[in-house]
Amino acid sequence: MEPSALVRELFAWAHADAAGLMASVLALPVLVPLLGALFAFVMRRWAAAIGLVTLLALLATVLLLIPWLLGAGAQGLAVGGWGAPLGVDLYADGLSLAMLLMTAVVGLGISLYAHSYFRADPIREQAFWPLWLLLLTALNALFLSRDLFNLYVTLEILGLSAVALTALAGGAKALVGAMRYLLVSLLGSLAYLLGIALLYHAYATVDLALLAARIDAAPATWAALALMSAGLILKTALFPLHFWLPPAHASAAAPVSAALSALVIKGSYYLLVRIWLELVQVQSDGVATFLGLLGAGAVLWGSIQALVQTRLKLLIAYSTVAQIGYLFLAFPLAAGTGGLAWSGALYLALSHALAKAAMFLAAGNLLRFGGHDRIADLDRVVQRLPLSMAAFALAGVSIIGLPPSGGFIGKWLLLEAALSTGRWGWGIVIMLGGVLAATYVFKVVGFAFTQAEHPHQAQRVPATMEWVAFALAVAAVLLGFLVAQPLMLLEIGDPFAAHVGGMGP
Amino acid sequence: MTPAIIYALTGLGLFVLGLYALIMRAHLLRKILGFNVMGSGVFLVLAGLGQRTPMGGPDPVPQAMVITGIVVAVAATALALSLMLRVVAATGRARLPDPHHD
Amino acid sequence: MDKTKRDLRTAGEEDLDARQERSVQGLTRLVVASLLAVVFVGLALVILALPTEAPGLADQVDAALVDTGVTHPVTAVLLDFRGYDTLLEMVVLLLALAGVWSLAEGSPRTDHRPGVMLDRLTRLYAPLMLMIAGYLLWVGSTAPGGAFQAGAVLGAAGVVLTLTGWRLPRRLAGWPLRLLLVSGVLVFIAAGLVGLGFDRVWLDYPPPWSGALILLIETVASVAIGVTLAALFLGGHPEQTP
Amino acid sequence: MSLEAWIPLLVLCSSLLPGLMIFGLDESRVRLRTTLNLGGALTKLALVGVMFWGVSQGIEYEVRISFLPGLDLALRAGPLALLFLVLSSLLWLVTTIYAIGYLEGSPHRSRFFGFFSLCVTATVGVAMAADLLTFLLFYELLTLATYPLVVHRGTEVARRAGQVYLAYTIGGGALMLFGIVWLYTLTGTLEFTPLGFVSELDPTTHPALILIFIFLITGLGVKAALVPLHVWLPMAMVAPAPVSALLHAVAVVKAGAFGIVRVVYEVFGVEFSAGLGVTLPLAVLASITILYGSLRALFQDDLKRRLAFSTVSQVSYIVLGVAIASPIATVGGLVHLIHQGLMKITLFFCAGNLAETLGVHKVSEMNGAGQRMPWTMVAFTVGAFGMIGAPPVAGFITKWYLGLGALDAGQHWVLLVLATSSLLNAAYFLPILHAAWFREPPAQWPAERSLGRGETSRALLWPPIITAVAALLAGLLASLPFSPLEWARFIAEREFRPL
């Protein structure tokens, strides 16, 4: 390059208006945790501090995005300046934003908890932070990407970091759980990737928006959708492919369990919803009904399994299996009710994230306190560890779907979608799941009042760990009061509107 | 039967064979190998079908995707092997117990 | 007498159980195999139904190649068009290493003194591999090759060295090594930021700098990849290695 | 927001805030806790008094917060709400005093009083709810807040009772939610309105409306302990006596009965309900409950269980009054909301006193109790006569109006139910009174304790005396303005289309 050209360029740099910079802000939710992970990896001693600062920065970033998107509507960013189909596009609408916000808030809670949780174990602590920050990177990248292949890479980062975090607990159960989780996750990813291969070779693009415009009901489309959906369903642990979830989620360390149940499964679910919303206009067709039936199966089977568990963490993990089922009820219910059913499912996803994180963290406190998580031997924790028990119960209120809580709003919207179109069956499943959830939640609460046969020596639980669990549970309940704002957020860019493209009739 | 189709069908075959091993084989190393065979199958489909350009030259985009895919697969395999060693150390067996009895 | 009988019976029952289990397994095998065969046939039909000619993105890549600063289309896709993918892919590699390190308690590999042959060969191969890596890196912008290929060869060199008992000096095995490991991703992110000054978005390299930036990224990345691969092979965290 | 909007919120907060503060209090801060409790109760009573005066002057107190799209959370204090509000805030004060005395020195009092306050908060919310959604919200909150009180003792029996209680109430709540959402999809509103808001719907929806009615009444019937949904109530007797008072008189069963009143009058409209043909089955169900409860009570030796089955029976008088669908019966049903509360709480306080002071839990142990604890047994006698329906105690007024209403509506069979029930009431109360007053006391009571200088401590003695006097006055002064009866008449006039 000639010197004069360089000077000209530098001059232009100084006078450039900041449009590129502004647009690139959209990449910050990915870059912030990524940089945090790199620093935490290099500077091991400072890992925890770096992690907490990163989470605060991430929350600030996402909060910054909210007014921007509320004002300017959905935003895109052609990373590298190329744009689809050559380049990779990022895109943020209300749906992505809600998921980003959920990740940042729950992530901050889990981080604060983890800071106390790992304090006595520097080796685990140093290993935890880079993996955890990479997990957040993957989630945010997943929520922002519009490119199916790029999404494959984010899915892999998500899966591998989740597996490594699960194994972090050590011990045979956690390792075996992690191993099974890894195999399942890899299998899911490959099925998804094969689907993408078919889509690319049929339509010469992997960009969701372009695909939506080009796609037609060719055999390749259906095969690809089937492969991708199967892979994602496996990763989301929808009944009957949920077998891997309870052992993994129950055997991990408390903050990891919380992250897995609250956030990680939402990643693949989000992607599935995106693909369906963009590529297939969900009508009341067989596939949607099929997904709904699996969801209903998950609600009932997961709840019943939760009910018969004798270990608290397994109970909570099966509760996750059941709650995942609710998210899939939106597929059949979306026909004719559109935004109502999807808002309901997404509202459930958000409140489940808060509530389930609170539950697992509270369970972690009980585990540390008593040294075990046998439900029948909880031994009067209701007065000995009231804050954690309150966290569990409040989170339970949201999981059950009692008013006022985020879970109630989600179930109300789903129920409204079901009943306004006269689909009683789905409505009955929604109600039944709530009653079963009440039974298993209060099974735990009941034993928290009684005395165990063999009283045990109790360990101290740091106050931070108790307060974080409590705060998340309160947030899950408060989500039931502040309904207008989250719903307004979800509206940005109209993600649930019927798209022009797609294969709908 | 163009070469592209033959590659793709071979890839599919590998995918299915690997899947069989991943599901049915008990030994973890075989499962991990099954995953690798599956992966190779997918890459073969991805790259193979990229040869259907009118000019006959390969489409570079799937090739780049395959490179990315391979690196991801290598990374995943490394983690899987490492985890397997830990599982063997912890349980004394290189196979997964029945999820309902552990 | 009784005892023998009981033992025999038990053994017989166990045998029966095992046989039953085997037959169940056989049935499962059959079911799974036939299901997979159906999947294969279905997908094969789908592939056969694809048009025999498809331009893909080859033409568009060719058309845009002049703006990338490299002449090899695959490298252009990897580092420019879909550079974001590549960045995340390097993150995957790093993540795998972080995961392996979190799992392994010290190095699981026991050191064997290498034989004379291996020892001598290593002395010969290691520099050669280094050179090949350099070549692959350099040629990547115009012909097949590039950071990952170079990194793979570097990694192999590292593996060979490791096998012969060579270890990173302890004072380098701490943060300097980790900094080297993350350098690929860091430089990639940083290079992406250059465009911001030219009113371009992140990872959009300004045209006159594009080729140079890509080469920089590739160079650092191939070293980082090579070191990561070698470290993955070693398993445990080198700081904890005896 | 205007002053009128603030008062309903303040009524909620007057128990919510002390409740939340009490949770955070250390167990030993007895005086501060007592101050918070009584301060909250008195404040609430004063605020309710202000609203009572205001409503009688025609002011409606209302506050709304937007909730779901198209749906608000709204509190409104109209005449019907006031009926329940006055009852619950008055009895809460009395029960709080009693509970402070009853639980003196026992563990976990902060938790107890915290949930106790939440319970009352939920109850006043139920009273003031201006639509079905708000109603449901507080109704479920009530379930949650009472659960820890039911299992308070932490025994295995208590835990089981809690499980049963929840199974019934949560199941009922789920049915209600189902019905409410269904109703909302038909009407687009859930606002309570005198004469109801569904009568304009297309006749094709009437089968759906009947189902919705069934869902709502079933959900409410759980708390109102309609047979066969009453099972939880006798089991919940393991809880401490103040909790029994709360369940039976102040909050829980009342919330159910009150909900049935709301649904019949202000969702469906009583005349429209009658037109749908759902009131007669409801009246039959209520009658069955009345007779079944009384019959079961007859065979209970455990005093609290006998009282519990008596509640099952008595609460259904309210439902019966509603279901007869005549203005006069309505007056009887509504006024019984108050009357039953006053009488039943008296009886439970007395039962608690006997248990605490003498260790007497069974009817068969009550011989001569009147000689050992005369004031307690006087109060008990007043309550028992009220239940039987003997004039001049409040219960007589109820039965009188129910009977008149049945005649008015031409449903003569109800008279038979009332007569039978009164006989049964007499059959299970009079032997107790006879034993307590005319039999010789035993040489030694099961577990006698000395509490204070009188027959028992003052905090335990005054509450039943106050409520017994109130029950007596409600009967004696029924024709004065602002008596429960007059207020019930005032409401009934609004709920029927002027002829």
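Sequence lines set the chain letters: A, B, ... in the order given, protein chains first and strands last, and positions in each chain run from 1.
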remark   = Okay, A/Ala27 and chain C: the region with an atom under 4.5 Å from a heavy atom over there is side chain
key: A/Val163 versus chain C, the contacting section by heavy-atom distance below 4.5 Å   = neither
task = Could you check which of C/Leu95, C/Val92, C/Val77, C/Leu203 has the highest count of heavy-atom pairs closer than 4.5 Å to chain A?
result = C/Leu95
ask   = Going through the distances and angles, do C/Leu186 and A/Leu38 end up as a side-chain contact (heavy atoms from CB on, under 4.5 Å)?
value = CA-CA 8 Å; C/Leu186 265 183; A/Leu38 299 181; 3.8 Å; yes
ask   = A/Val42 and C/Trp175: which non-hydrogen atoms are nearest, and at how many Å?
value = O-CB, 4.0 Å
Side chain, backbone, both or neither of A/Tyr200 within contact of chain C (heavy atoms, under 4.5 Å) = side chain
note = Scored by heavy-atom pairs under 4.5 Å with chain C, the best of A/Ala78, A/Gly81, A/Ala226, A/Ala164 is A/Gly81
inquiry  = If I measure from the heavy atoms of chain A, does C/Leu50 come under 4.5 Å with its side chain, its backbone, both, or neither?
reply    = side chain
ask   = If we only count heavy atoms from C-beta on, is the C/Trp202 to A/Leu31 side-chain gap below 4.5 Å?
value = yes
message = Check this for me: A/Trp68, atom CH2, are more than 12 non-hydrogen atoms of other residues, nucleotides or ligands nearer than 6.0 Å?
response = yes
ask   = Would you say A/Val79 and C/Asp204 make side-chain contact, with heavy atoms under 4.5 Å?
value = no
remark   = In short, A/Gly80 meets C/Val201 closest at the heavy-atom pair N-CG2, 4.0 Å
key: Separation of A/Met43 CE from C/Leu179 CG (nearest 0.5 Å)   = 9.0 Å
request  = Measure across A/Ala223 and C/Leu43 and return the closest heavy-atom pair with its distance rounded to 0.1 Å.
outcome  = CB-CD2, 4.0 Å
query = Which atoms form the tightest heavy-atom contact between C/Ala64 and A/Leu86, and what is the distance?
reply = CB-CD1, 3.8 Å
query = Atom CD of A/Glu156 and atom CG of C/Leu88: how far apart are they, to the nearest 0.5 Å?
reply = 12.0 Å
ask   = Between A/Asn150 and C/Asp85, what is the shortest heavy-atom contact and its length?
value = ND2-OD1, 2.6 Å
key: Atom group of A/Ile157 that falls short of 4.5 Å from chain C, counting heavy atoms   = both
key: Option in A/Pro219, A/Ala127, A/Ala224 with maximal non-hydrogen atom pairs under 4.5 Å from chain C   = A/Pro219
ask   = Among C/Val61, C/Val182, C/Leu181, which has the most heavy-atom pairs under 4.5 Å with chain A?
value = C/Val182
message = Just so I understand: if I count every heavy-atom pair under 4.5 Å between each of A/Asp147, A/Thr154, A/Leu168 and chain C, which residue has the most?
response = A/Asp147
Best-contacting candidate, A/Val88, A/Leu26, A/Thr205, against chain C by heavy atom pairs under 4.5 angstrom = A/Val88
ask   = Say you draw a straight line from CG of A/Leu165 to OG of C/Ser102; how long is it, rounded to the nearest 0.5 Å?
value = 7.5 Å
request  = State the CZ-OH distance between A/Phe149 and C/Tyr84, to the nearest 0.5 angstrom.
outcome  = 13.0 Å
request  = Identify which part of A/Val206 has an atom lying under 4.5 Å from any heavy atom of chain C, answering side chain, backbone, both or neither.
outcome  = side chain
request  = May I ask you to check whether C/Asp80 and A/Trp82 show a side-chain donor-acceptor distance below 3.5 Å?
outcome  = yes
key: Side-chain touch C/Ile47/A/Leu198, heavy atoms, less than 4.5 angstrom   = yes
key: Smallest separation among heavy atoms of C/Arg82 and A/Pro85, with atom names   = NH1-O, 4.5 Å
query = Does the side chain of A/Trp222 come within less than 4.5 Å of C/Val46's, by heavy atoms?
reply = no
